[in-house]
Novice: 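Pasting in a structure now, in structure tokens, and then I'll have a few things to ask.
Both counts, for ligands and for their atoms, begin at 1 and track the order of listing. Just the heavy atoms: all of them, side chains too, but no hydrogens, waters or symmetry mates, feed the values below.
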Amino acid sequence: MRLKFLIIGIFFVLLFFIFGIFLVKEKQMNEIELRSTPQWRNLEKNYKELKKVHLRDLFKDENRFCEFSVRDNDLGLTFDYSKNIINSCTFRLLMDFVKAAKVNECARKMFSGEKINWTEQRAVLHTALRNRGNKSVYVDGEDVMPKINAVLEKMKKFSNDLRSGEWRGATGKKITDIVNIGIGGSDLGPRMVCEALKYYADGPNVYFVSNVDGVDICDVLKKLNRETTLFIVASKTFTTIETITNALTARRWITNKLGDSAVVKHFVALSTNAKKVKEFGISENNMFKFWDFVGGRYSLWSAIGLPIACYIGFDKFVELLEGAYYMDQHFLNSPYEKNIPVIMAALGFWYNNFFGASTYAILPYSKYLHKFPAYLQQVDMESNGKTINFEGNRVNYETGPIIWGEAGTNGQHSFYQLIHQGTKFIPCDFIGFINPLEKVGDHHEKLMANYFAQPEALAFGLTKDEVIGNLRKAGISSSEIELLTPHKTFDGNKPTNSILINKLTPRTLGALIALYEHKIFTQGVMWKINSFDQWGVELGKVLANVILLDLKGETDNKHDSSTSGLIKIFKSNKN
Ligand code: G6Q
């Protein structure tokens, strides 16, 4: 009998103990400072070993490419991350970190409409906009899919009518040119996609005006004919000073010659703010809605994509959504170890938080993707450029990196020198396509030879002995060899990811964009920050409004001596 009680007692003590460990682990990721968690500490230990290792050594393992790459045959996409400074242990520890951060659980909250943007009390549902499975998604008890589908239908009809000539300008002429007026999230996404999918364009010309600098709109208007031009005013809030100023200038340009009644045939609005759209003079019929649960920088999948649908046709716009939906499913359902956005996020985190890499380069080997780095700059830096964590405390670790880049091979003739031989440590993503859009001579082979060569050169460099050998072979004198060798040596050991896609199509582009969106989301969860607000943009906007009145002479506000001094010079030298 006693023995029985003893066994039951031991059983309960053990149960308590196990439960206690579980609670402490939970607490460690949720409440204890991130850098003190075992997951972070383990990575720190691994970093101390790895920083002494060169990619040349890591590649002695012939199996490395197989171990550290993911191929998705359906999408025709290969993600090779073998040229990163990691070993199997690093990878496991990074995945442990991701697991402890509960990335998948957080992603499911986002997809299901929970208000994960807690500083603005908003759901984050750009994924619902491309939810091609059409499964219900609820926000405040309302299924958002019917209204999303209704706007898509409206976009379909409008883009078809515009392209076919069913929709005509006020004087009965077919619309040949579209001008999208918007800024930030209401500009960068559709602008980048229109540029990227230019090859598929068979609709009207599309121009983008974003800057309040008057030359932006004037340059575009100079090329256009009022009777055949349509303006898309894209603004989530419909209060953004740059957009409204440009839209008013465009409206004057139309009405001066065609009269006020022409507005209805030459202006449409993409917005969440019906009241302001109406005040501007655009009728509800000409308004394409989206909602607070769509963040500006994640909005190209919404009504904000209207210029894309007009440019390449609605069916191809849907292909773009389908590609993104495919990536959404991959992100939600693949195990972390095979999950491309998760692996990319974890690697970025590895360099950002352990190697001290403060910048990250995006290098697409495609002329049409030349706006992709600028687009990602906003999505990444506005999302993860934050200092305050989930608990409202300042973080004591690095968060989002500086994102930059340029299309290859142009960048090679510009800044690659610094990546190869400078003192900065810059991880890079190389994006390339197996099949060209235009087959011209051997252009594509030449482009892709560079795409393959650069990551190889960055990883393996050129050793001193190799340099000396090369110079000797070239018949260079010993004294010159001595002089040149240090300059011609490449340390290598620069990490890169290679994303190799069968072809640039609306579907693969959709998937590529969603891949980066989810990478950014994953990193936000790992850093415990809110990736979906942007309070940092506000302060400058408020001050500009105050100073505008000073410049117009309506107020004379007191500023610091520098700002006041500059304003004084501006006013006294203005013609
Ligand atoms: C994006 C930002 C920001 C925004 C622009 C334009 O996430 O919020 O770039 O898109 O400031 O705002 P509107 O669409 O409201 O004009």
Side-chain angles (χ1 to χ4, degrees), residues 110 115-127 129 151 179-193 208-213 216-217 231-251 267-280 282 287-308 371 373-386 400 403 513-514 516-518 520-521 523-524 529-545:
M110 172 171 76
K115 295 193 175 168
I116 62 162
N117 176 358
W118 74 93
T119 58
E120 295 182 302
Q121 271 308 304
R122 286 180 185 165
V124 176
L125 279 178
H126 45 284
T127 49
L129 302 165
V151 172
V179 183
N180 188 85
I181 299 179
I183 197 164
S186 302
D187 168 73
L188 288 162
R191 187 194 284 257
M192 179 277 288
V193 172
F208 288 86
V209 169
S210 55
N211 205 315
V212 74
D213 184 341
D216 201 3
I217 189 150
F231 292 93
I232 297 181
V233 186
S235 176
K236 182 173 166 180
T237 55
F238 230 75
T239 55
T240 305
I241 195 163
E242 293 91 333
T243 302
I244 300 305
T245 306
N246 278 322
L248 287 170
T249 300
R251 195 175 67 180
F267 279 85
V268 300
L270 321 176
S271 187
T272 58
N273 192 342
K275 188 168 164 270
K276 288 277 171 197
V277 168
K278 211 168 156 203
E279 274 169 30
F280 182 88
I282 297 177
M287 176 180 169
F288 297 80
K289 280 191 191 142
F290 59 112
W291 309 271
D292 270 352
F293 58 74
V294 181
R297 54 194 174 276
Y298 296 91
S299 65
L300 72 89
W301 321 100
S302 70
I304 290 291
L306 187 66
I308 307 171
K371 293 267 175 222
Y375 161 77
L376 281 183
Q377 209 162 46
Q378 184 198 22
V379 188
D380 202 322
M381 291 167 76
E382 207 168 71
S383 297
N384 287 342
K386 312 281 165 68
I403 300 292
I513 301 169
Y516 277 94
E517 284 180 348
H518 294 319
I520 293 162
F521 169 83
Q523 290 188 329
I529 52 175
N530 180 0
S531 301
F532 299 105
D533 59 12
Q534 56 283 312
W535 300 106
V537 187
E538 295 301 314
L539 181 60
K541 276 194 194 173
V542 173
L543 284 179
N545 283 331

Novice: If the cut-off is 4.0 Å to any non-hydrogen atom of Ser186, which atoms of ligand 1 fall inside it?
Specialist: 10 (O), 13 (P), 14 (O)
Novice: Geometry only, no angles: is Thr243 polar-contacting ligand 1 at N/O separations under 3.5 Å?
Specialist: no
Novice: Without swapping roles, check the side chain of Asp533 against the backbone of Glu120 for a donor-acceptor pair under 3.5 Å.
Specialist: no
Novice: As an exercise, state the distance from NZ of Lys278 to OG of Ser271, rounded to the nearest 0.5 Å.
Specialist: 14.5 Å
Novice: Indicate yes or no for a side-chain donor-acceptor contact from Asn180 to the backbone of Ile304 under 3.5 Å, with no hydrogens or angles considered.
Specialist: no
Novice: List ligand 1 atoms under 4.0 Å from Thr240, heavy atoms only on the residue side.
Specialist: 12 (O), 13 (P), 15 (O), 16 (O)
Novice: To which protein heavy atom is atom 2 (C) of ligand 1 closest, and what is the distance rounded to 0.1 Å?
Specialist: Glu382 OE1, 3.0 Å
Novice: Does the structure place the NZ or CZ of Arg122 under 6.0 Å from the centre of the six-membered ring of Phe532, at an angle of no more than 45° from the ring's axis?
Specialist: no
Novice: What atoms of ligand 1 come within less than 4.0 Å of a heavy atom belonging to Gly296?
Specialist: 1 (C), 7 (O), 10 (O)
Novice: Are Gln378 and ligand 1 in contact, using a heavy-atom cut-off of under 4.0 Å?
Specialist: yes
Novice: So which heavy atom in the protein is nearest atom 11 (O) of ligand 1, and how far is it from that ligand atom?
Specialist: Lys541 NZ, 4.0 Å
Novice: Tell me: protein heavy atom nearest atom 15 (O) of ligand 1, and distance?
Specialist: Thr237 OG1, 2.6 Å
Novice: Ligand 1 and Gly185, any nitrogen or oxygen pair closer than 3.5 angstrom?
Specialist: yes
Novice: For atom 5 (C) of ligand 1, grab the closest protein heavy atom and report residue, atom and distance to one decimal in Å.
Specialist: Ile183 O, 3.5 Å
Novice: Parallel, tilted or perpendicular: which describes the rings of His126 and Tyr298, with under 30° parallel and over 60° perpendicular?
Specialist: parallel
Novice: Heavy-atom contacts with Ser235 under 4.0 Å: which atoms of ligand 1 show up? List them by number with element.
Specialist: 13 (P), 14 (O), 15 (O), 16 (O)
Novice: Tell me, with the steps shown, if Val212 and Ile241 meet side chain to side chain contact (heavy atoms under 4.5 Å, CB included).
Specialist: CA-CA 8 Å; Val212 74; Ile241 195 163; 5.9 Å; no
Novice: How does Gln534 reach ligand 1, if at all, at less than 4.0 Å between non-hydrogen atoms: by side chain, backbone, both, or neither?
Specialist: side chain
Novice: Quick check: are there more than 12 heavy atoms from other residues, nucleotides or ligands sitting under 6.0 Å from NZ of Lys289?
Specialist: no
Novice: Is the backbone of Val209 close enough, under 3.5 Å, to the side chain of Asp216 for a donor and an acceptor to pair up by distance?
Specialist: no
